[in-house]
Amino acid sequence: MVATIDIKTADGVVRGSEGRRVSRWRSIPFAAPPVGDFRFRAPQPVRPWSGVRDATEFGFAAMQHRRGAQIGPRQQQPTGEDCLTLNITAPKTPSTKPRPVMVFIHGGGYFIGTSALGLYSGARLALLGDVIVVSMNYRLGAFGYVDFSEFSTPAHPFESNLGLRDQVAALEWVQANIAAFGGDPGNVTIFGESAGAHAVLALMATPAAAGLFHRGISQSPPADWGPSQADAKLFARRCIDKLGASTDDAADALLSARPNDIRRAVDRAVNEVMHTQPGIFPAAPLIDGDFLPQSIVEAFTSGAAHRVPLIIGTNRDEGTLFVRFDDTLPTTPDRIRTLLRQAGGDAESRVIAAYPGFPGRKVTVRMGGDFTFWRPAVEVMEGHSRYAPTYAYRYDFAPRAVQLAGFGATHALDLLPVFGATNTPVGRALTAAGGGRGFHSVTRQFQDNWLSFARTGAPRSNWPAYTEDQRATMIIDHPFRVENDPDKAKRLAWQGVHIPALV
């Protein structure tokens, strides 16, 4: 029989499970289910319950293609609109003082992903660092990142930035309740990878998130994703067209259509844009002038972002994963040339000159990854370093099997060492051909730095802060090393190149 543990929250008692070394609570609601009249509305308060609510099993993942919610071999989590929940993993041993809290935001391009993935439980991280790990779900794709507010009616208003609002609501729940689980609401670190890394930066640029966290870690953020109001309006109309509705009956269609019909319509619109207009990702937090007042990069460069310590970095070979599994980045010569011509001036000749070997396949894949992730991350590093402690990194390590497969230090590979998955079946398989010692070393270094940062706001003492003068960057490899301004020529070449407008 599984041992259980009950905790009283502000909304009612939740029952989690006790393992040998950690306690877990799964799918605790942090907002009311966004269904019925709450579809396309900002998150509403949790409805309190009486008695004990079971929190030993996962509920729904956010609406998405079922393959996106895969949590194991041939195992997929059910999806549904009733998805606004979070999970908590805490060391079983009581602590004499409140523990630091690390809140993880999953990636998946704002279209797929789930906090139920076993890797994200953070059990190894919680035990090693004596911290509490929280992971959250938030609305994705059609239900979280398309602005249908133009189609509001007096009876049924629609709001924008719903996924971002969900994340703020989850952090508000953490502030109100985490002490009951042994956590310190005054010491909260948000961290995420890919779209989750973008979400960390978006939260740092969101006024409503002020005071809800105290430091951030952003792993591979596509930092300048974020449509303008004009682009968001144009894209929402495309989505309505794909749904088979007109602008006159859009509200009724959005409220009455089956969730999967809406999801499929928006998926088609996204794929159409990404394959015809290189570099654009139309479904992301909207620069609405209100909830998210300005673009994320502008918030950091102007000092408007929350001035909390930040770790930010990218992987050396970001693009290789997408070429193999999701060909949406600008990684072909034609798409790169199209993108650079839209930037105007001498951008095309300047950037191509910085990548000897163009238009070779490996070079163009590197360019696509650098454009999407590294280029805008550098702008954030530069801007934030003027106002708050900023620590930059580049992840370079890949086990031999990953190198032989042609991936290198690809997108999302850093999640394994961060969560300490070296000794899992996946970790052992990746090191079967060699590189185990290096992978273990990288894991220790990653976790030591992430946990030090969560406890104190600074990584280990041999990691210097980033400044525009030195541009000190930790190269996460075996061994670790610091380089000043790595890939300087490429950095300079990308200056002034930005995501084009939607047409």
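The structure displayed is predicted, hence computed values, not measured ones.
The residue from Phe38, Phe40, Phe143, Phe148 that alone fulfils the ring-ring contact (aromatic ring centres under 6.0 Å, His included) condition with Phe158 is Phe40. In summary, of the residues considered (Asn187, Ile190, Val188), a side chain to side chain contact (heavy atoms under 4.5 Å, CB included) with Arg215 occurs for Asn187 alone. Checking each of Gln64, Gln70, Gln77 against Thr114 for a side-chain hydrogen bond (donor to acceptor under 3.5 Å, both in side chains) leaves exactly one that passes, namely Gln77. Test Thr89, Asn87, Thr85 against Ser135 for side-chain hydrogen bond (donor to acceptor under 3.5 Å, both in side chains) and you get one pass: Asn87.
Side chain of Gln76 to main chain of Ala69: no donor-acceptor pair is present (N/O by atom type, distance under 3.5 Å, no hydrogens or angles). A donor-acceptor pair under 3.5 Å is formed between the side chain of Asp166 and the backbone N or O of Arg139. Remark: the backbone N or O of Trp49 is not paired with any side-chain donor or acceptor of Arg53 at under 3.5 angstrom. With His384 contributing its side chain and Val308 its backbone, the two residues share a donor-acceptor pair below 3.5 Å.
Within the 4.5 Å cutoff, side-chain heavy atoms of Leu329 are placed close to those of Phe373.
The aromatic rings of Tyr395 and Phe446 lie tilted to each other, with the angle between the two planes from 30° to 60°. Classified by interplanar angle (parallel below 30°, tilted 30° to 60°, perpendicular above 60°), the ring pair His306/Phe213 is perpendicular. Note on ring orientation: taking the six-membered ring where Trp is involved, the planes of Phe191 and Phe419 are tilted (angle from 30° to 60°).
The distance from the CG atom of Leu212 to the CD atom of Gln175 is 5.5 Å, given to the nearest 0.5 Å. With rounding to the nearest 0.5 Å, the separation of CD1 in Ile88 from CD1 in Ile7 is 8.5 Å. Once rounded to the nearest 0.5 Å, the distance linking CD1 of Ile178 with CG of Leu86 reads 8.0 Å. With rounding to the nearest 0.5 Å, the separation of OG in Ser194 from CD1 in Ile105 is 12.5 Å. Note that OH of Tyr387 and OG of Ser302 are 6.5 Å apart. Values are rounded to the nearest 0.5 Å. For the atom pair CD of Glu483 and CZ of Arg394, the computed distance is 5.5 Å after rounding to the nearest 0.5 Å.
With salt bridges taken as basic N to acidic carboxylate O contacts below 4.0 Å, one links Arg375 and Asp224. Here Arg165 does not pair with Glu159 in a salt bridge; the nearest charged N to carboxylate O distance is not below 4.0 Å. Between Asp130 and Arg99 there is a salt bridge, since at least one side-chain N of the basic residue sits less than 4.0 Å from a carboxylate O of the acidic one. Ion pair Asp267/Arg264 not flagged as a salt bridge, since none of the NZ, NE, NH1 or NH2 atoms sits closer than 4.0 Å to an Asp/Glu carboxylate oxygen. The pair Asp37-Arg39 does not meet the salt-bridge criterion, since no charged nitrogen lies less than 4.0 angstrom from a carboxylate oxygen.
Taking the six-membered ring wherever Trp is involved, the centroid distance between the rings of His106 and Tyr138 falls below 6.0 Å. Ring centroid separation for the pair Phe181 and Trp25 comes in under the 6.0 Å cut-off.
Side-chain contact, Thr320 with Thr410: a donor N or O sits under 3.5 Å from an acceptor N or O. Checking Trp463 against Gln445 by side-chain atom types alone, no donor-acceptor pair falls below 3.5 Å. For the residue pair Thr314/Ser220, the side-chain donor-acceptor check at 3.5 Å is not satisfied. Side-chain polar atoms of Ser115 and Asn137 form a donor-acceptor pair below 3.5 angstrom.
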Next on the checklist: Before you tell me yes or no, could you show the steps for Thr467 and Ser385 under side chain to side chain donor-acceptor pair (under 3.5 Å), namely the whole-Å CA-CA distance, both residues' side-chain angles and the distance that decides it to 0.1 Å?
Outcome noted: CA-CA 6 Å; Thr467 65; Ser385 67; over 6 Å; no

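In plain terms, the two heavy atoms of Ala195 and Tyr110 that are nearest each other are O-OH, 3.3 Å. The two residues Val133 and Gly122 have their closest heavy-atom pair at CG2-O, 3.7 Å.
For Arg66, the CZ atom counts as loosely surrounded, since its 6.0 Å shell holds 12 or fewer non-hydrogen atoms of other residues, nucleotides or ligands.
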